[in-house]
Amino acid sequence: MPPFGPIRRRDLISALRRLGFSGPYSGGRHEYMQRGGLVLTIPNPHGKDIGPKLLGVLLRQAGISRKEWERA
């Protein structure tokens with residue numbers, strides 16, 4: 001569903017929820033989401049989209065493949 005590219009923070013959170021993450025929860029400086037024992041920090045781009053490089057880093061940390069992301 002979401003293409004691999006610039007994405008709004010709200011759309012990122014929705015897609016991660018469909019992939020089994022819960023949250024976002026308040027953290028220190030950033031919110032985070034959880035799935036099992038995995039904790040993923042959610043960036044706050046201050047009104048801008050999350051770019052493809054940062055999206056790639058987040059998906060790698062979450063253990064989500066590009067195909068799985070595009071099916072979410």
Side-chain angles (χ1 to χ4, degrees):
M1 181 193 117
F4 189 84
I7 187 170
R8 292 186 346 206
R9 184 175 187 273
R10 181 180 307 162
D11 296 335
L12 171 68
I13 290 170
S14 296
L16 289 172
R17 283 184 180 152
R18 286 191 299 273
L19 290 167
F21 281 84
S22 61
Y25 303 107
S26 295
R29 292 180 180 253
H30 295 281
E31 293 181 331
Y32 64 94
M33 296 182 79
Q34 290 182 312
R35 179 173 70 178
L38 177 69
V39 176
L40 183 66
T41 301
I42 304 298
N44 186 2
H46 301 287
K48 298 179 183 174
D49 289 345
I50 295 169
K53 285 186 179 182
L54 182 55
L55 179 59
V57 169
L58 292 170
L59 296 180
R60 203 173 6 243
Q61 289 175 355
I64 299 170
S65 70
R66 187 169 177 166
K67 288 183 181 181
E68 186 180 3
W69 173 254
E70 291 175 349
R71 280 187 273 140

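By the side chain to side chain contact (heavy atoms under 4.5 Å, CB included) test, T41 pairs with H30, sequence neighbours left out. With sequence neighbours excluded, no residue forms a salt bridge (charged side-chain N to carboxylate O under 4.0 Å, His left out) with R60. Qualifying side chain to side chain contact (heavy atoms under 4.5 Å, CB included) partners for S26, counting only residues two or more places apart in sequence or in other chains: none. Considering only residues two or more places apart in sequence or on other chains, R66 meets the salt bridge (charged side-chain N to carboxylate O under 4.0 Å, His left out) condition with E70. Annotation: salt bridge (charged side-chain N to carboxylate O under 4.0 Å, His left out) contacts of R9 (sequence neighbours excluded): E31. For K53, there are no side chain to side chain contact (heavy atoms under 4.5 Å, CB included) partners, not counting sequence neighbours.
If you take CD1 on I42 and CD1 on I50, they are separated by 7.5 Å, rounding to the nearest 0.5 Å. To the nearest 0.5 angstrom, L59 atom CG is 8.5 Å from L40 atom CG.
Checked by atom type and distance alone, the side chain of R35 never pairs as donor or acceptor with a backbone atom of S22 at under 3.5 Å.
Taking both residues in full, the closest heavy atoms of I13 and M33 are given as O-CE, 3.9 Å, listed atom of the first, atom of the second, then distance. P52 and G5 make their closest contact through CB-CA, 4.1 Å (heavy atoms, listed as atom of the first residue, atom of the second, distance).
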* **side-chain contact (heavy atoms from CB on, under 4.5 Å) assessment of L16 paired with L58** => CA-CA 10 Å; L16 289 172; L58 292 170; over 6 Å; no

* Might you work through the side-chain contact (heavy atoms from CB on, under 4.5 Å) test for I64 and F21, ending with a clear yes or no? => CA-CA 11 Å; I64 299 170; F21 281 84; 4.0 Å; yes

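Taking a 4.5 Å side-chain heavy-atom cut-off between Ile, Leu, Val, Met, Phe, Trp and Tyr, the cluster of V39 extends to Y25, Y32.
Hydrophobic clustering (side-chain heavy atoms under 4.5 Å, transitive across Ile, Leu, Val, Met, Phe, Trp, Tyr) keeps V57 apart from L38.
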